[in-house]
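Index from 1, following the sequence.
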Amino acid sequence: MSLYFLPDYPSRDFLAMAFNVDGEGNIPAIYSSLALLFSSLLLGAIAHVKNLDSDRYKNHWKILSFIFLGLSLDEIAQLHEHLIGLRSVLNATGVFYFTWIVPFGFLVAIFLLSYSKFVFHLPVATRKLFAAACALYIGGAMGMEMPGGYLASTTGAENVSYVIVTTIEESLEMLGIVVFIHALISYIKTYVGGVSWNIYIPGKHSQVTAHQNIGVPALSEAANTNLLR
């Protein structure tokens, strides 16, 4: 955005590239990848506890953890861009110019249908946060990708309109992940009982050198014993 609205200044092009939310391998991309990875770790922690309790939806949590791990890898490696070859196959243009949204749209629809019971079993507060996070993230990733594709196919990507659309798109995605992380941490604190972390540093005696509860109470005795083995 600074390239269009701010006068020239030292290192302008470098900073614009480093902080371009639509760029690859730069600061926003790394941040988004790490946020998705953190979500995957939180989901994995919940899945582990649910597995210890033989919870009915333990596999749903596990699958979610792997999905977010995949999203994290995709964010940093832009794997979905390899589907660009579908454009010529589908003769796609306009809002479907970025053709990856076609197969991903079907996958999202299947995911939402298969996870409907899981979502409705969640506590009301968590369910609302999950729904808000989902709407923000999918609305950004796919909803804003369509007008972005239309602009890219008609006027090109080197214009302020396209930059505004992509900035809104990436901002919605980032906000969605922030809301999702908040939902997971709140769920862990309120309904799981917390997660304890042990830090092992190799040394002379190879003993535990630090133990910290990350801002939440301990798990139930049985689950905590298994988790910390």
- Query: So does Tyr191 have more than 12 non-hydrogen atoms from other groups sitting under 6.0 Å from OH?
  - Reply: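 Enclosed.
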Under the side-chain hydrogen bond (donor to acceptor under 3.5 Å, both in side chains) rule, collect the residues that match up with [X], sequence neighbours excluded.
| X | answer |
| --- | --- |
| Asn51 | Lys62 |
| Ser153 | none |
| Thr154 | none |
| Ser32 | none |

Report all side-chain donor-acceptor pairs from residues 178-188 shorter than 3.5 Å, counting only partners two or more places apart or in another chain.
unit_1 : atom_1 : unit_2 : atom_2 : d
Ser186 : OG     : His182 : O      : 2.9
Tyr187 : OH     : Lys50  : NZ     : 2.8

If you compare all heavy atoms of [X] against all heavy atoms of [Y], which two are closest, and at what distance to 0.1 Å?
| X | Y | result |
| --- | --- | --- |
| Ala152 | Phe98 | CB-CZ, 3.8 Å |
| Leu36 | Leu71 | CD1-O, 3.6 Å |
| Ile101 | Val95 | CD1-O, 3.6 Å |

Side chains of residues 39-47: which donor-acceptor partners sit under 3.5 Å, not counting sequence neighbours?
unit_1 : atom_1 : unit_2 : atom_2 : d
Ser39  : OG     : Ala35  : O      : 3.1
Ser40  : OG     : Ser65  : O      : 2.8
Ser40  : OG     : Ser65  : OG     : 3.4

Same hydrophobic cluster for [X] and [Y], using side-chain heavy-atom links shorter than 4.5 Å among ILVMFWY?
| X | Y | answer |
| --- | --- | --- |
| Val165 | Met142 | yes |
| Leu37 | Trp61 | no |
| Ile168 | Val160 | yes |
| Ile164 | Tyr162 | yes |

Could you give the side-chain donor-acceptor pairs of residues 107-125 under 3.5 Å, partners two or more places apart or in another chain?
unit_1 : atom_1 : unit_2 : atom_2 : d
Ser114 : OG     : Ile110 : O      : 3.0
Ser114 : OG     : Phe111 : O      : 3.0
Tyr115 : OH     : His60  : O      : 2.7
Ser116 : OG     : Leu113 : O      : 3.0
His121 : ND1    : Phe118 : O      : 2.5

- Message: Suppose we screen for side-chain contact (heavy atoms from CB on, under 4.5 Å). Which residues come up paired with Ile30, at least two apart in sequence or across chains?
- Response: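 Testing Ile30 for side-chain contact (heavy atoms from CB on, under 4.5 Å), a comparison that skips the adjacent residues, returns Leu34, Ile76.
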- Among all residues two or more places apart in sequence or in another chain, which pass the side-chain contact (heavy atoms from CB on, under 4.5 Å) test with Ser171?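 Expected list: Thr167.
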- Whether Asp53 side chain and Asp55 backbone form a donor-acceptor pair below 3.5 Å: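 Between the backbone of Asp55 and the side chain of Asp53 there is no qualifying donor-acceptor contact (under 3.5 Å).
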- Message: Strictly distance-based, threshold 3.5 Å: is any side-chain N or O of Ser33 a donor or acceptor partner for the main-chain N or O of Ser72?
- Response: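 At least one qualifying donor-acceptor pair exists.
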Please round to the nearest 0.5 Å and tell me the distance separating atom [atom1] of [X] and atom [atom2] of [Y].
| X | Y | atom1 | atom2 | result |
| --- | --- | --- | --- | --- |
| Ile27 | Tyr31 | CD1 | OH | 13.0 Å |
| Met146 | Glu169 | CE | CD | 10.5 Å |
| Glu75 | Phe68 | CD | CZ | 12.0 Å |
| Leu175 | Leu136 | CG | CG | 5.0 Å |
| Leu64 | Asn59 | CG | CG | 11.0 Å |

- Measure the shortest side-chain to side-chain distance between Tyr137 and Met174 over non-hydrogen atoms and say whether it is less than 4.5 angstrom.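 Result no, sub-4.5 Å side-chain heavy-atom pair not found.
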